[in-house]
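As C-alpha cells, the structure follows; a few thoughts come after it.
Every chain is numbered from 1 and lettered A, B, ... according to where its sequence line falls, protein lines coming before strand lines.
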Amino acid sequence: MAGLIILGFFLIVALAAPLLADSRGLSPVGATGGVLDPPSLDYPMGTDDLGRSVLTLTIWGSRISLMVGFFATALSMVIGAVIGIAAGYYGGWRETAMMRFTDWFLVIPFLPLAIVLASILGRSLFNIILVIGITSWPGTARLVRAQTLSVKERPYVERARALGAGDWHLITRHILPNVFPLIFANTILVVAIAILSETTLSFLGLGDPLRISWGTILEFAFNGGAASRGAWWWLLPPGVAIVLVVLAFTMCGYALDEILNPRLRRR
Amino acid sequence: AAQTPSPSGSAAGKLTFTIGDDNDLDSMNPFVAVEAPAFQIFFLTYDFLVNLSQEDLSPSPGLAESWDQSDDGLTWTFQIRDDATWHDGQPVTAHDVEYTYNRILEEEQGSFIDYISLIDTIEVPDDQTVVITTKEPTLQLLTALVFILPEHIWKDISTEEAGTFENNPPVGSGPFKVVEWEKGQFYRMESVPEYWGGAPRIDEFVYRIFNNEDALVQALRAGEVDFADSLNANPFNSLKETTGITTHEANIPSFDEIGFNVGANDTIPDADGHPALLDVRVRQAMAHAVDKQVILDRVLQGYGTIGTTIVPPFSAAYHYEPAEEDLFQFDLEEANRILDEAGYEDTDGDDVREMPDGGEPLRFRYFVRSENNSTVQTSQFVQDWFNQIGIATEVEALDDTTLTDAIFEGKYDMFHWGWFPDPDPDFILSIFTCGQRPPDGIWSDSFYCDEEYDRMYQEQKTVADVAERAQVIFEMQKKVYEDAPYIVLYYDANLQAYRSDRWTGFLNQPEPDGDLLSGYGNYTFVNLRPVTKGAAADEEEGGSAFTWVWVGLVAGPLLLVAVALLIRRRKGEEDRA
Amino acid sequence: MSATGEGRGDGGPVLEVRDLHVSFSGRQGLGAGLLGRSATTARAVDGVDLEVARGEIVALAGESGCGKTTLARAIMGLVKPASGEIRYAGRPLRHRDLREFRRKVQMVFQDPTGALNPRQTIYESVAEGLRIHKVSGEEDVLVSKALADAGLRPPERFFLLYPHEVSGGQRQRVVIAGALALEPEMIVADEPVSNLDASVRGEILALLLKLRDRFGLSLLIVTHDLGLAWTVADRVAVMYLGRIVEVGPAEDVLTRPLHPYTKALLQVLPEAGGDLSGRSILLGEPPDPTRIPPGCRFHPRCPEVQSGRAAELGMEERNRTEVPLLREIRPAHFVACHLA
Amino acid sequence: MGARRYLTAKVVQALFTLAFVLVFNFFLFRILPGNPAQILARQRRLPVEAVRELERDFGLKDPLPQQFVNYAGDTLRANFGISFKFRRPVGEVIQGRIWPTVLLVGVATIGSTVIGLLIGIYGAWRRGSGFDMGSLGFSLVTYAMPEFWLGMILLILFASTSGLELFPLGNIRTPGGPASGIAHLLDVGRHLFLPALTLILALLGEYALIMRSSLLDVMGDDYIVTARAKGLREAQVLRRHAVPNALLPTVTLVALNLGFVVSGAITVETVFSWPGLGLLTVEALQAPDYPLLQGLFLLFSVAVIVANLIADLIYGYLDPRVRVA
Amino acid sequence: MIAAEERVQASVGSLLSVRDLSVEYPSQAGPVPAVRGVTFDVAEGEILGLAGESGCGKSTIAHALLRLLPPDARVTGQVLLNGEDVLTMKFGRLRAVRWDEASIVFQGAMHSMNPVQRVGDQIVEAVRLHRPGTNDRQGQAQVGELLERVGLPARRARDYPHELSGGQRQRAMIAMALACDPKLLIADEPTTALDVMVQAQVLSLLKELQRELKLGLIFITHDLSVLVELCDRIAVMYAGRIVEEGPAEAIFERPAHPYSWGLSGSFPRIGDPEYRRAPGGLPGDPPDPQRLPTGCPFHPRCPRAFEPCPDTDPPMYPAVHGGFAACLLLDSKLNPEGARA
Ligand SMILES: Nc1ncnc2c1ncn2[C@@H]1O[C@H](COP(=O)(O)OP(=O)(O)OP(=O)(O)O)[C@@H](O)[C@H]1O
Ligand SMILES: Nc1ncnc2c1ncn2[C@@H]1O[C@H](COP(=O)(O)OP(=O)(O)OP(=O)(O)O)[C@@H](O)[C@H]1O
Ligand SMILES: [Mg+2]
Ligand SMILES: [Mg+2]
C-alpha cells in the first residue's frame with residue numbers, strides 16, 4: 001500500500017508540475033538562483049550550476065521519467081503480449097519461430113544492445129522509448145506465452161471451442177481476460193525497469209539532453225562534478241525520486257503478483 | 001586523514017609525478033593517435049625539428065640547433081644537434097629528419113602532411129645538416145608540429161603496418177620514455193638522464209585515467225595524484241579553496257562558435273539550408289542578438305574570454321581583435337532594426353518573421369552536441385534571444401557523427417561546435433576557403449566562400465615575414481567576423497589544478513597564462529621538482545556537512561532495519577510443526 | 001450392429017463413428033529433429049467403431065489413458081482424426097459443417113470448475129453458446145430456461161454469480177445448462193461426475209437421465225467407473241488401448257462379460273466382504289499407446305494367456321499376430337477376442 | 001539417453017542463438033547513419049584520398065552479401081576488424097581489457113549469488129520475522145537503485161576525502177605499485193572492493209527476492225511435509241529438500257541475469273574507472289568506434305549465451321526431470 | 001453422553017487414541033473449523049477406515065496425528081500415541097516419534113517425494129535418521145529389501161520419482177513409510193489418483209503388509225466401497241466430525257446415519273437392479289466449514305430430518321450394528337420408533 005501512496009504522490013507531482021513549479025525554471029534563461037546554491041527557503045533543494053532550482057528540475061523531470069517509463073512499457077507490453085499470445089495460442093511452427101526469436105532477444109544483454117541501438121538511432125526521447133521498448137519485451141512475451149498456454153489448455157476454452165467459438169472469440173473472450181491480470185502485474189514491474197533503464201541510458205549520455213528527466217539531471221550532476229563540489233542537493237533529489245518510484249512500482253508489482261499467484265499467499 | 005606532504009609515488013625513493021585526466025590513450029603510434037594523452041606521450045618522447053618556445057611559442061632550438069633561410073626564402077638549412085640520442089642509444093642524425101619528412105610526404109600521413117606540404121626536396125649533405133627547399137617561400141617549417149621518428153625503427157614498418165603498429169614503447173629522443181602501459185588505466189614514463197635538454201629532476205611520470213571527474217578531484221585532494229588536467233568548472237571551483245592545491249586557468253587555442261549554413265547549395269544540389277541565412281544582414285542581426293558575456297558567465301562560469309575572431313588570442317601574434325565600434329554589441333533593438341530594414345517582417349502575427357517575399361518564416365534548425373552540455377545550455381539562452389528578434393529556432397541535440405553528417409550534406413541551418421586550432425593560424429584560416437567546402441573539401445562547415453578571402457589565404461602562406469603575414473591574417477579575420485558565417489562565442493580555458501604544496505617548477509607555455517603541462521613542449525616536465533622544505537602538513541579536514549548527509553542516508557535505513565529486527569525478534573524457535 | 005440395448009433408444013443411430021484413428025506425435029525438439037530422431041507417435045484412438053442411437057445413453061468405459069477422452073474430443077472435432085469417418089444423422093461430418101454440428105451436439109467436461117471461465121458470470125457462461133451461434137430470441141429467457149432445466153432454480157438468482165461462488169455440483173449444472181441452452185440433440189459427456197463428491201454425483205446423473213427422458217437427448221458418457229455405467233447406461237462400450245474390445249447392452253456386458261479385460265475390470269471393483277488378495281488383478285503397468293503390441297493388444301496382460309488357457313486352445317499364435325475384430329457373440333453384444 | 005539428448009538440444013539451441021546474434025550484429029551495424037569511414041576521416045582530419053583508403057580498409061565498397069561473407073569469415077577467424085579509435089585489431093583491444101571485467105563480474109556474481117541466496121533462504125525460512133522484513137526491504141531498495149548512483153554514494157562515503165578514505169577512488173591497481181606477488185593481489189583487492197560491493201549490492205536484492213519466493217513456493221510442496229513427517233529437523237528439511245528444489249528456478253534466473261550484470265558492469269566501471277570491457281564500451285560509445293562496439297556487443301552476447309548454456313546444463317544436472325522432458 | 005463414556009472405556013490400551021481433536025485454520029474470513037472434536041482409537045493390527053466427502057477434514061486429521069499442520073493452525077485435544085500425547089511432546093521427541101512409530105503415505109505420491117532425489121536416498125534418509133548407526137551398505141541393503149517387499153525390483157532405488165509410474169511411486173512411498181518399522185501407518189487417500197487396476201494392486205499390497213507386520217492402519221478415502229473390503233472398522237466423517245463409527249461391513253450394508261446411507265448409496269453395486277437407472281446419493285452440497293448449519297450440520301440435506309434437527313447438535317448414540325452414530329433418529333426419546341436399521 002505504501003507503494004500505491006508513493007506512486008500516487010509522484011503521479012500527482014508529474015501531472016501538477018505546471019502548478020508546482022514554473023516551467024521557465026527549466027531553462028537557464030529563466031533561472032534565478034546562483035551557481036550551486038545550497039538548499040534555502042527560496043530553493044528548497046538548492047540550485048544546479050546554471051542557477052536552476054533542483055526542485056523545479058526534479059518536479060518536471062518526473063514527467064519525462066514517468067512518461068518514458070510508461071510509453072516504453074506500453075510498447076514492450078504490446079510487442080510482448082502480441083507475440084506471447086500469438087505464439088501460445090497458435091502453437092506449432094509459428095510458436096517455435098516466435099519463441100526462438102524471443103529467446104534470442106532474451107539472451108542479448110540489454111544495455112549493450114540499448115547502447116548500440118541508441119548510438120545508431122541518435123539521441124532523442126522517442127529513441128530512448130523505442131530502445132527500451134524493443135529491448136524489454138522478451139520477458140513479457142515468455143510470461144504471456146506460458147500463461148496463454150496454460151489458459152489455452154483450460155477446459156473452459158475447450159468448452160467454448162466445443163460450443164463452436166472461433167479463434168477471435170477465444171482470444172478476446174477467454175485468453176485475453178485471463179492473461180491480462182498477469183500482463184498488468186508484469187507491466188508494473190516493467191515500468192520500474194524502464195525508468196531505471198532511462199536513467200542508465202541518460203547517465204551514459206544517450207538521453208535527450210534537451211529534455212529534463214531524472215536521468216539527465218543525474219548525468220549533469222555526475223559530469224558537472226556535483227559530488228566533488230559537495231552539491232549533494234543536486235545528486236540526491238533525482239536519485240531518491242528514482243529509488244522511491246522504482247520501489248513503489250516494484251512493490252505494487254509484487255503485491256499484485258502475490259494477489260494473482262495464490263501459491264505465494266500465506267499458508 | 002593526514003597525508004605526508006610528499007609526492008604521490010615517492011615509494012622506493014623514486015620521485016614520481018602523477019597526473020590524472022579523464023581521457024584514455026588511444027595509441028602510441030603518432031600516425032594513428034588523436035587523443036590528448038597520446039600527444040602528452042609524444043611531447044615527452046619525441047622532439048620537433050624546431051621547438052616552440054616556452055615563453056611565446058616562437059621558434060626555438062629543437063633537434064635543430066640553428067637554421068637559416070635563403071634570401072629567396074625557398075631554401076632552409078637546419079643544423080642538427082650532435083648531443084641527441086635515441087632512447088636505445090643510437091644517435092639522432094639528419095637522416096632521421098629526412099626519413100620522417102619523406103615518409104609523411106610519400107604516404108600523405110594525414111595529420112602531419114599539412115605542416116610540410118610545401119616542401120619540394122630534402123637533402124642531407126652530412127649527418128648534422130638538413131637542407132630543405134620549398135615550392136614557395138613559407139614560414140611553415142618553423143611551426144611544423146612533426147615528431148621526428150627514428151629511421152632505424154620505422155623503416156621496417158611498412159605503410160600497411162603503420163596503420164596498426166603499436167609502437168609500444170615508442171623509441172624517441174625526448175626526456176622521458178614509456179616503461180609501462182596498462183590500457184585504460186595509466187601509463188608510466190621514466191626520465192632519460194641523457195636528454196640533450198638536461199636530465200629531468202623527477203624520476204618518473206605517471207598518467208592516470210579517471211572516468212569520473214569526482215574521483216579525479218578526490219584523488220587530487222587525497223594526494224593520489226599531483227595534477228588534475230581538463231577539469232570542469234564545478235570541480236575546479238571546489239578545489240579553489242583547498243589548501244595545498246593551486247588552480248590555474250590555462251589559456252589554450254580553443255573556441256566555440258555558432259556556425260551558419262551560408263550556402264551549401266552552391267556545392268551540394270540537395271542541401272537545404274534556410275535561404276535567410278544567405279543574407280549577411282540576417283547573420284549580423286543574429287550576431288547582435290547573442291550576449292556573449294552572459295554565456296561566458298552562466299555556461300562557463302566565467303572561465304574563458306569572450307570570443308570575437310577565428311584566430312584565438314593564444315596565437316598572440318596573429319589574433320585580431322576588432323575595434324570597439326566594429327563589434328557586434330549585444331543589442332536586440334539594433335538586431336530588430338536590421339531585420340526590419342532588410343525586409344524580414346512578421347506578416348502573419350505569429351511573432352516569427354518571414355522572408356521578404358512573405359513566404360518562409362525564419363525558423364532555423366539549431367543543432368547542438370549531445371556530447372557537450374555547454375552547447376545544450378548555450379542553446380537555451382540563444383533561443384530565447386532569437387525569439388525576441390522574431391527568429392524561431394528548433395533546437396535538437398545530435399551526436400557528433402550525426403551532426404557531421406548533417407553538415408557534410410548541407411542539411412542544417414545552424415549548429416554549435418568548437419575548434420582547437422594550432423598555434424599557427426594556417427589551418428583554422430583554411431577552413432573558410434572555397435576549396436574546403438564539401439563534398440570536395442572536408443573542413444568547411446559553414447560553406448563560406450569568398451574570392452578575396454581565398455586570395456589572402458594564399459598570400460599569408462607565402463609571406464615570409466611574421467609581421468607582414470600578421471597583417472594579412474588580420475584582414476582575413478576581420479572579413480570573416482563581418483560576414484559572420486560564425487558567431488565566435490568564447491575562447492575557453494583549460495582548467496588545471498595541482499599540489500603546489502609538493503611540487504614547484506611549473507612553466508606556462510606561453511607565458512603568462514598558458515598550459516602548465518605540455519602546451520606544445522616538455523618544459524614543465526623537465527623543470528618540475530618537489531617542494532624542498534617540508535611544507536605545512538595538511539590540516540585535518542573534519543567531516544563536512546556533506547559527509548554527514550551521505551552517512552545519514554545510508555545509516556538511516558540500516559538503523560531502521562536494525563530496530564525492526566530488534567522489535568520483531570520474537571520466538572525464533574524451531575517448533576513450527 | 002445397430003442394436004440399441006434395451007430399446008430405450010428409438011429410431012436409427014444419430015452418431016456413427018467408423019474406423020476412427022487419432023494419433024499424437026510426440027514432442028519433437030529442434031535439436032532432436034536435427035539429429036534425425038523420429039517422433040514417437042501415440043495412437044490414442046486406433047480404429048474405433050461406435051454408434052449412438054437417438055435417445056440412447058451409451059457409456060464408454062476403460063482404464064485411464066485408453067483413449068476415451070480423445071475419442072470424445074475427436075467426435076467434437078476438437079482433435080483432427082488421422083483417418084476414419086464420423087457421421088451425424090446419416091451424413092458424414094465435414095469441416096464446414098462443424099459449426100452446425102457443434103450446435104446440435106454439445107460436450108460436457110469432466111471438471112466443472114475448469115470448464116467455466118472464472119471471469120465470466122454464470123449468465124455469460126450459459127449465454128456464450130447462444131451468442132456464438134447468434135440464436136434468435138430473448139437471450140435472458142433462453143438462459144433462464146436452460147438454468148431451470150438444469151435444476152438451478154430460481155435461475156435469476158444465479159445470473160450474476162461467478163463460478164467460485166457456487167458449489168461444485170451447481171457448477172456442473174451450469175455447464176450442462178450451457179449445453180442445454182442450444183437445445184442440442186446429443187450430449188457428449190466426458191467423465192461428467194468424476195470430479196464431484198460421491199454424494200453429489202447422483203444428482204447430476206439423475207439430471208442426465210431426466211434430460212434424456214424429457215427431451216429425447218442422446219448421450220455418450222465417458223467414464224472409467226463401471227458402476228456409473230451400470231447406473232445410467234443403456235449400452236456399454238469397453239475400450240482398451242485405443243480400441244473398443246466389448247460393446248453391448250449394459251446389463252449383459254456388466255453381468256456376463258465376455259472379454260477377459262472386462263472381466264478383470266469388474267473383478268477389481270471393491271465388494272463388501274470380498275477378499276482383495278484372492279482375486280486376479282492384472283499385473284504390469286497401464287498400457288502405452290506409443291507401443292501397441294501386435295495382434296491382440298491385450299495379450300501381454302491377458303489372464304487367459306497367462307493361465308495357459310489360450311495355449312490350450314491353440315490361440316497363442318493368433319493372439320500375437322492377428323487383430324481380433326468385434327464379433328456378435330450374443331444378441332447385440334459384440335466382443336473382440338479370439339477366445340470368446 | 002535422455003541426458004545426452006537434453007545436452008545436444010541445448011548446445012544446438014545455443015549455436016542457433018549464436019548464429020542469430022552474428023547475423024543481427026552484422027545488420028545492426030549496417031544500418032548506421034552515414035559512412036563510417038567518412039565519419040572517422042572527419043574526426044581525424046584526413047584528406048579525401050585517405051577516406052577512400054579507409055573505405056577499402058573497412059571493406060565498405062563491397063556489395064552487401066560479399067560484406068556479410070567477409071564478416072562471417074572474419075568473425076569465425078576471430079578477426080573483428082580494426083578499432084577506429086585505437087587503430088588496432090578489435091580482438092586485441094578487447095583482450096587487453098577482458099580480465100578486469102571477468103574479475104569484477106565474477107566476484108560480483110559469486111558474491112551476490114551466495115549472499116543473496118543465503119539471505120533469501122533465511123528470510124523465507126523465518127518468514128515474517130524481523131530479519132525477513134528487514135532483508136525484504138533492503139532487497140527492494142537496492143533493487144530499485146540505479147547501480148551507478150549507488151556506486152557514487154559508496155565512492156563518496158568510503159573513498160573520498162569527505163568520506164572515510166578507506167579505499168582508492170578508482171582504477172584496478174596503484175600505478176607504479178607492486179606488479180606481482182601477494183602485494184599486487186592485495187592492491188588489486190583493495191581497488192576491487194568498492195566496485196564489486198556496488199555490483200553485489202545492486203544484484204543481491206533480486207537474488208534474495210527470487211530465492212525467497214522460490215523457497216516459499218517449495219516450502220508449501222507436499223514432499224516438504226513428507227520430509228517433516230520423517231522426523232527431519234527444520235534445518236535438514238531446508239537443506240536437503242527445500243533448497244535444492246528452490247535453487248532450480250534460481251539457477252536459470254541467475255544466468256539470465258548475467259546480461260544485467262554486464263550492464264551493471266558498464267556503469268559501475270565508468271564510475272570507478274575500472275579498466276574493463278564496460279569502460280571500453282563507454283569509450284567506444286563516445287568515440288564512436290563502431291568496429292569496437294560491434295566486437296564488444298558480440299562478446300557480451302556470446303558470454304551471456306554461454307552462461308545460459310552452462311546454466312541449462314547445471315539445471316539439467318540438478319533436476320533429473322528435465323533430462324527426459 | 002453415556003455412549004461417549006463407553007467409547008472412552010473401550011480405548012484403553014489402544015495404539016492410537018485421539019481425544020476430542022479439533023483443528024482451526026486461520027483465514028481472512030475468520031477461523032475455519034476443519035475438525036471439530038474428533039475422538040477415535042486404533043488398536044494394534046487394526047485397520048480403521050476414515051470416510052467422508054471432500055473437505056470434511058480427513059487430511060487435516062492425518063496431518064494432526066503427527067503434528068504436521070501449518071504452525072498457525074490451532075489444534076486442541078489429545079493425540080495419544082502409545083499413551084504419549086503427540087500434541088504436547090517436545091519437538092525432539094516428536095521428531096523421534098515421527099516415522100519411527102507412525103508414518104504417513106500421502107495422497108499424491110508424485111508430489112510427496114522430492115523430485116530431485118533418488119528414491120533410494122529418500123528411503124535411506126529416514127532409516128539413517130532413526131537408526132543412526134546404519135552405514136551405507138546396510139542402508140542400501142535395507143532399501144533393496146523394502147522395495148522388494150512392496151513388489152519393486154531393488155534396482156529401482158536408483159531411479160528418480162518421475163521415472164516411476166503412478167503405481168510404482170505409490171509403492172515406493174509405502175516402502176518409505178515402512179522403513180522404520182512403524183506400529184502405525186496413516187494412508188491418506190493413497191489410491192485416489194490411481195487407475196482402478198493399479199488401485200486394486202496397491203490395496204491388496206497394503207492389506208498384505210498390514211497382515212504380515214501387524215500394523216495399525218488408518219486408511220483415509222472418500223470411496224466408502226474401498227473401505228468395506230479393507231477395513232475392520234469405519235468412521236464416517238461429516239463437516240469435521242465423525243458422524244458414524246462401527247464395523248466396516250455393517251456400516252456399508254446397514255448404515256445408521258442418513259449421511260452414510262447416501263454415501264453408501266452413491267456406490268452402486270453392479271448387478272443389483274436396485275441401482276439400475278436410479279442413481280443414489282444425496283441432494284444438496286457439502287457444507288462450507290465456515291458457515292455450518294445450526295444443530296445437526298447435516299440436516300439441510302437430510303431426507304429424514306425432523307423438528308429437533310435444526311436445533312440440536314446430536315451426540316453419539318449406540319447403533320444397532322454395534323457401533324455409534326450421531327443422529328437424533330437414534331435418540332429413543334426424540335424418535336421413539338428408533339432408527340431404520
Ligand atoms: N494432446 C495430446 N498429445 C499427446 N498425447 C496425448 C494427447 N492427448 C492424449 N494423449 C495420449 O493419448 C492417450 C489417450 O489419452 P486420453 O486422454 O484419451 O485417455 P483417457 O482414456 O481419457 O484417460 P483418462 O481416464 O485418464 O482421462 C494417452 O496415452 C495420452 O497420453
Ligand atoms: N491450510 C489451510 N488453511 C485454511 N483452511 C484449510 C487449510 N487446509 C485445509 N483447510 C480447510 O479445511 C477443511 C478440511 O480440509 P482437509 O484437507 O482436511 O479435507 P479432506 O477431507 O482431506 O478433503 P479431500 O478429500 O478433498 O482431501 C477444508 O474446508 C479446507 O478448505
Ligand atoms: Mg479422459
Ligand atoms: Mg484430503
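Residue C:Phe159 places its CZ atom among more than 12 non-hydrogen atoms of other residues, nucleotides or ligands, all under 6.0 Å distant. The neighbour count for A:Arg211 CZ, taken as heavy atoms of other residues, nucleotides or ligands under 6.0 Å away, does not exceed 12.
The two residues C:Phe109 and A:Ala162 make their nearest non-hydrogen contact at CZ-CB, 4.4 Å.
Proximity to chain C (any heavy atom under 4.5 Å) is shown, for A:His174, by both the backbone and the side chain. No part of C:Leu98 comes within reach of chain A, as not one of its non-hydrogen atoms sits under 4.5 angstrom from that chain. Neither the backbone nor the side chain of C:Arg103 comes within contact range of chain A; no heavy atom of the residue lies under 4.5 Å from a heavy atom of that chain.
Between A:Tyr156 and C:Pro118, some side-chain heavy-atom pair lies under the 4.5 Å cut-off. Counting heavy atoms from C-beta on, the side chains of A:Pro177 and C:Gln120 never come closer than 4.5 Å.
A distance of 12.5 Å separates CZ of C:Arg131 from CG of A:Leu163, quoted to the nearest 0.5 Å. A distance of 7.0 Å separates CD1 of C:Ile132 from CG of A:Leu170, quoted to the nearest 0.5 Å. Here the straight-line distance linking atom CG of C:Asn117 with atom CG of A:Asn178 works out to 4.5 Å at 0.5 Å rounding. Taken from CG in C:Asp111 to CD in A:Glu158, the straight-line distance is 12.0 Å, to the nearest 0.5 Å.
Among A:Arg159, A:His169, A:Arg173, A:Arg161, the residue with the largest count of heavy-atom pairs under 4.5 Å with chain C is A:Arg159.
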